[in-house]
Amino acid sequence: MDAAHSLVAFSVVHMTIARVTGRFDVLDGEVEVTPSGASVHVRVATASASSGHPKRDELIRSADFLDTERFPELEFTASCDGFSVGDWTLPGRLTIRGVTRPIELAVRTGGVVDHRGATRAGFSARTSLDRREFGLKFDGLLAGGGAVVSNLVDIVIEAELVRA
């Protein structure tokens, strides 16, 4: 995985009125392609969560959310029998805070290019998950009703792979 050309981003609804986004700045991973399919293993440093607001970043890294001191990485693993150009689904397993759950990524293959002696492939993927299923149980409520932070988290991944 070419981390300089890849992105793992997240977004939630804040106070029921607006979407707040963030990203992880440190990630690495491998994709092994074989004649029978592919395997994926991606690691994301939880302490690299960045939302553009230092106080919010502290909260995201705290025990209320990612608990980066105890759980320094998120991990995604998957294997598939093949993939195609265009849209497809990648089932896998995501681990957050030591809790592993199955998820499915809606993937779009961007294509393959050869440039300066390297073969590169691009992929975009999306999923949504309920943060409570992974132990992120922050439950701040507004005085008039509604959650300070939605339980639904949208994940966007932009990955550029380079043949090793």
Side-chain angles (χ1 to χ4, degrees), residues 1-14 19-34 36-53 56-84 86-110 120-140 147-162 164:
M1 179 177 242
D2 181 350
H5 295 102
S6 298
L7 166 77
V8 174
F10 56 89
S11 65
V12 296
V13 175
H14 182 248
R19 188 159 287 281
V20 172
T21 62
R23 63 179 288 152
F24 294 97
D25 294 324
V26 178
L27 56 113
D28 72 350
E30 303 85 32
V31 175
E32 183 178 348
V33 179
T34 66
S36 62
S39 64
V40 178
H41 185 201
V42 177
R43 292 161 304 281
V44 176
T46 56
S48 74
S50 174
S51 69
H53 189 277
R56 183 171 47 232
D57 294 347
E58 287 177 27
L59 181 59
I60 293 168
R61 295 177 189 135
S62 77
D64 285 331
F65 286 95
L66 295 175
D67 198 357
T68 61
E69 286 189 29
R70 289 182 49 216
F71 304 101
E73 288 186 336
L74 308 177
E75 187 173 38
F76 176 75
T77 58
S79 60
C80 60
D81 294 332
F83 53 88
S84 61
D87 298 332
W88 50 288
T89 301
L90 176 63
R93 299 187 61 75
L94 177 64
T95 302
I96 302 174
R97 290 180 56 119
V99 177
T100 302
R101 299 266 189 251
I103 67 167
E104 287 189 344
L105 297 178
V107 180
R108 171 163 283 180
T109 303
R120 295 179 174 271
F123 300 89
S124 296
R126 297 181 180 277
T127 196
S128 295
L129 56 89
D130 185 329
R131 64 184 174 82
R132 296 170 298 182
E133 293 181 359
F134 293 92
L136 286 80
K137 297 189 184 291
F138 177 82
D139 62 357
V148 173
V149 177
S150 64
N151 293 321
L152 188 66
V153 180
D154 293 325
I155 309 290
V156 174
I157 302 160
E158 299 295 336
E160 186 169 312
L161 309 176
V162 62

Step-by-step side-chain contact (heavy atoms from CB on, under 4.5 Å) determination, Asp130 to Leu152: CA-CA 5 Å; Asp130 185 329; Leu152 188 66; 5.6 Å; no

Derivation and outcome, side-chain contact (heavy atoms from CB on, under 4.5 Å), residues Phe76 and Thr95: CA-CA 6 Å; Phe76 176 75; Thr95 302; over 6 Å; no

Test log, rule side-chain contact (heavy atoms from CB on, under 4.5 Å), inputs Val107 and Ser124: CA-CA 6 Å; Val107 180; Ser124 296; over 6 Å; no

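Partners of Ser150 under the side chain to side chain contact (heavy atoms under 4.5 Å, CB included) rule, at least two apart in sequence or in another chain, are Val12, Val13. Scanning for ring pair (Phe, Tyr, Trp, His ring centres under 6.0 Å) contacts around Phe71 gives an empty result, with sequence neighbours left out. Taking the side-chain hydrogen bond (donor to acceptor under 3.5 Å, both in side chains) definition, one finds that Glu75 meets it with His41, sequence neighbours left out. Qualifying salt bridge (charged side-chain N to carboxylate O under 4.0 Å, His left out) partners for Glu73, counting only residues two or more places apart in sequence or in other chains: none. Ala47 is linked by a side chain to side chain contact (heavy atoms under 4.5 Å, CB included) to Thr68, counting only residues two or more places apart in sequence or in another chain. Applying the ring pair (Phe, Tyr, Trp, His ring centres under 6.0 Å) test to Phe134 and every residue at least two apart in sequence or in another chain returns nothing. Partners of Glu30 according to the side-chain hydrogen bond (donor to acceptor under 3.5 Å, both in side chains) rule, which considers only residues two or more places apart in sequence or in another chain, are Arg43. Arg23 is linked by a salt bridge (charged side-chain N to carboxylate O under 4.0 Å, His left out) to Asp25, counting only residues two or more places apart in sequence or in another chain. For Arg108, the side-chain hydrogen bond (donor to acceptor under 3.5 Å, both in side chains) criterion is met by Asp87, not counting sequence neighbours. Judged as a side-chain hydrogen bond (donor to acceptor under 3.5 Å, both in side chains), and not counting sequence neighbours, Arg126 has no contacts.
Pairs engaging residues 147-159 under the salt bridge (Lys or Arg N to Asp or Glu O under 4.0 Å) rule: Arg19-Asp154 [sequence neighbours left out]. Here salt bridge (Lys or Arg N to Asp or Glu O under 4.0 Å) pairs that include residues 56-68, with residues two or more places apart or in two chains, are Asp67-Arg70.
The two residues Ala78 and Gly92 have their closest heavy-atom pair at CB-CA, 3.8 Å.
With Leu66 as reference, Leu136 is the one residue of Leu136, Leu59, Val44 to meet the side chain to side chain contact (heavy atoms under 4.5 Å, CB included) rule.
Counting heavy atoms from C-beta on, the side chains of Leu129 and Leu94 come closer than 4.5 Å. Side chains of Phe65 and Arg97 form no contact here, defined as non-hydrogen atoms less than 4.5 Å apart. Residues Thr89 and Glu104 meet the side-chain proximity criterion, which asks for heavy atoms closer than 4.5 Å. Contact check for Ile157 versus Leu7: no side-chain heavy atoms found under the 4.5 Å cut-off.
For the residue pair Thr21 / Ser11, no side-chain donor-acceptor distance below 3.5 Å is found, with atom types taken as modelled.
Taking CD of Glu32 as the start and OG of Ser79 as the end, the distance is 11.0 Å to the nearest 0.5 Å. Distance check: Asn151 CG to Glu133 CD gives 10.0 Å after rounding to the nearest 0.5 Å. Leu161 CG to Ser6 OG: the interatomic distance, rounded to the nearest 0.5 Å, is 6.5 Å.
Under the 30°/60° scheme for interplanar angles, the aromatic rings of Phe123 and Trp88 are found to stand perpendicular.
No donor-acceptor pair closer than 3.5 Å links the side chain of Thr127 to the backbone N or O of Leu105.
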